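Being a predicted model, the structure only gives us computed values, none of them experimental.
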Amino acid sequence: MGVELVLAYVAVLLAMASTVAFATDPTQLQDFCVGVNNPVEGVFVNGLFCMNPLQVTAEHFLFKGLNIAGNTNNKQGSNVTLVNAAKLPGLNTLGISIARIDFAPYGLNPPHTHPRATEILTVIEGTLYVGFVTSNSANGTNQLFAKVLNQGDVFVFPQGLIHFQLNIGKTPAVAISGLSSQNPGVITVANAVFGSTPPISIDVLTKAFQVDKRVIQYLEAQF
């Protein structure tokens with residue numbers, strides 16, 4: 001009986017370890033793994049093909065241009081400049097990325113999620129109203145956690161939860177975000193729901209949002 005109990009504990013621990021292992025990016029098995037697109041050039045493998053370390057230079061760990069403001073001349077009045085492993089090969093397997101977010105006056109980074117990353121945001125300039133919504137609770141509610149952030153303030157958005165940032169000032173705003181994945185992904189809620197290809201059935205959307213079909217058609221036309 002004692003052996004069976006020990007085996008049960010081992011099984012539980014292995015299951016927990018497996019869950020933790022697949023919850024984030026794989027841990028690197030060497031000092032670095034500069035990603036290459038051509039497998040012929042890769043000599044070490046750690047999830048992706050890696051450049052021969054003898055050919056790696058400091059340039060592979062450098063990205064220039066995060067000081068340049070993004071173009072906010074769009075409907076939302078915002079721009080995200082993401083630096084991930086695709087733009088900075090030295091980030092490959094390190095489990096992190098960074099982004100600059102520019103906001104026009106009253107610009108919005110609309111509700112979205114990062115399926116593979118937690119985000120930590122620091123306000124560099126301006127004043128932002130930010131927040132995230134929790135997943136569905138047992139009583140069917142979704143709690144909003146929101147704050148007004150000023151220069152130097154930091155806010156965390158947990159992985160996978162819908163969140164947003166709104167510039168509530170009359171001047172441009174800038175924020176820097178760190179993300180806990182080399183490829184965090186992004187799902188912009190409105191785009192995904194009303195602008196998918198092919199479109200989601202209008203019967204699904206009218207029932208989900210409890211509105212007339214004409215409202216759904218109008219919203220779909222915006223995307």
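- Counting heavy atoms from C-beta outward, Q217 and I202 have side chains that approach closer than 4.5 Å.
- Going from atom NE2 of H114 over to atom CG of L161 covers 11.0 Å, rounded to the nearest 0.5 Å.
- Heavy-atom neighbours of L82 CG from other residues, nucleotides or ligands within 6.0 Å: above the threshold of 12.
- Defined by atom type and a distance below 3.5 Å, a donor-acceptor pair is present between the side-chain atoms of N142 and N136.
- Two rings, from F194 and F209, have their centers less than 6.0 Å apart.
- Considering only heavy atoms from C-beta on, V123 stays 4.5 Å or farther from I176 through its side chain.
- A 4.5 Å side-chain heavy-atom check between L128 and L166 finds every atom pair outside the cut-off.
- Between the side chain of N92 and the backbone N or O of P89 there is no donor-acceptor pair closer than 3.5 Å.
- Residue F61 places its CZ atom among more than 12 non-hydrogen atoms of other residues, nucleotides or ligands, all under 6.0 Å distant.
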(request) Show the numbers, then the answer: is there a side chain to side chain contact (heavy atoms under 4.5 Å, CB included) between R100 and I124? (result) CA-CA 10 Å; R100 171 182 172 136; I124 305 301; over 6 Å; no

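- The two residues F223 and G195 have their closest heavy-atom pair at CB-CA, 3.9 Å.
- Taking NZ of K75 as the reference point, atom CG of L108 lies at 13.5 Å (rounded to 0.5 Å).
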(request) Evaluate the criterion side chain to side chain contact (heavy atoms under 4.5 Å, CB included) for residue pair H60 and M51; output intermediate values, then yes/no. (result) CA-CA 10 Å; H60 292 109; M51 180 179 291; 3.5 Å; yes

(request) Applying side chain to side chain donor-acceptor pair (under 3.5 Å), run through D102 and T72 and close with a yes or a no. (result) CA-CA 7 Å; D102 289 279; T72 59; over 6 Å; no

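- Taking all atoms of both residues into account, the shortest heavy-atom contact from S97 to S181 is OG-O, 2.7 Å.
- Atom CD1 of I200 is separated from atom CD1 of I216 by 9.5 Å, given to the nearest 0.5 angstrom.
- N109 and Q76 form no side-chain donor-acceptor contact under 3.5 Å, judged by distance and modelled atom types alone.
- Aromatic ring centres of Y129 and F164: separated by under 6.0 Å.
- With contacts defined as side-chain heavy-atom distances shorter than 4.5 Å, the pair H112/I162 does not qualify.
- Using modelled atom types and a 3.5 Å distance limit, the side chains of E119 and S177 yield a donor-acceptor pair.
- For the residue pair A99 and V80, the shortest heavy atom distance occurs at CB-CG1, 4.1 Å.
- By the rule that hydrophobic residues join a cluster once side-chain heavy atoms approach within less than 4.5 Å of another member, V189 and V186 end up as members of separate clusters.
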(message) Before you tell me yes or no, could you show the steps for I120 and V154 under side chain to side chain contact (heavy atoms under 4.5 Å, CB included), namely the whole-Å CA-CA distance, both residues' side-chain angles and the distance that decides it to 0.1 Å?
(response) CA-CA 7 Å; I120 182 167; V154 177; 3.5 Å; yes

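- In this structure, T127 OG1 and F103 CZ are separated by 11.5 Å, a value rounded to the nearest 0.5 Å.
- The local environment of CG in N73 is sparse, with at most 12 non-hydrogen atoms from other residues, nucleotides or ligands closer than 6.0 Å.
- Side-chain contact check for I168 versus V148: some heavy-atom pair is nearer than 4.5 Å.
- Taking CG of L179 as the reference point, atom CD1 of I96 lies at 10.0 Å (rounded to 0.5 Å).
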(message) Let's go through N183 and R116 carefully: what are the C-alpha distance in whole Å and the side-chain angles of both, what is the deciding distance for side chain to side chain contact (heavy atoms under 4.5 Å, CB included) to 0.1 Å, and is it a yes or a no?
(response) CA-CA 7 Å; N183 184 22; R116 294 179 291 276; 3.7 Å; yes

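- Once rounded to the nearest 0.5 Å, the distance linking CG of N167 with CD of E125 reads 10.5 Å.
- Between Q182 and L91, the shortest heavy-atom contact is OE1-O, 3.6 Å.
- Checked by atom type and distance alone, the side chain of Q222 never pairs as donor or acceptor with a backbone atom of L219 at under 3.5 Å.
- At a threshold of 4.5 Å between non-hydrogen side-chain atoms, the residues N79 and I101 do not count as touching.
- You'll find the side chain of V83 reaches within 4.5 Å of the side chain of F63, heavy atoms only.
- Cluster membership for L121 and F132, using ILVMFWY side-chain heavy atoms within less than 4.5 angstrom, is shared.
- Salt bridge status for K213 with D203: present, with a side-chain N to carboxylate O gap under 4.0 Å.
- Side-chain contact check for N139 and S137: at least one donor-acceptor pair (N or O, by modelled atom type) lies under 3.5 Å.
- Here the closest non-hydrogen pair linking P184 and P115 is O-CD, 3.4 Å.
- Side-chain contact between I98 and L66 is present, with heavy atoms from C-beta onward closer than 4.5 Å.
- In this pair, F157 and H163 present their aromatic rings parallel. The plane angle is below 30°, not in the 30 to 60° band.
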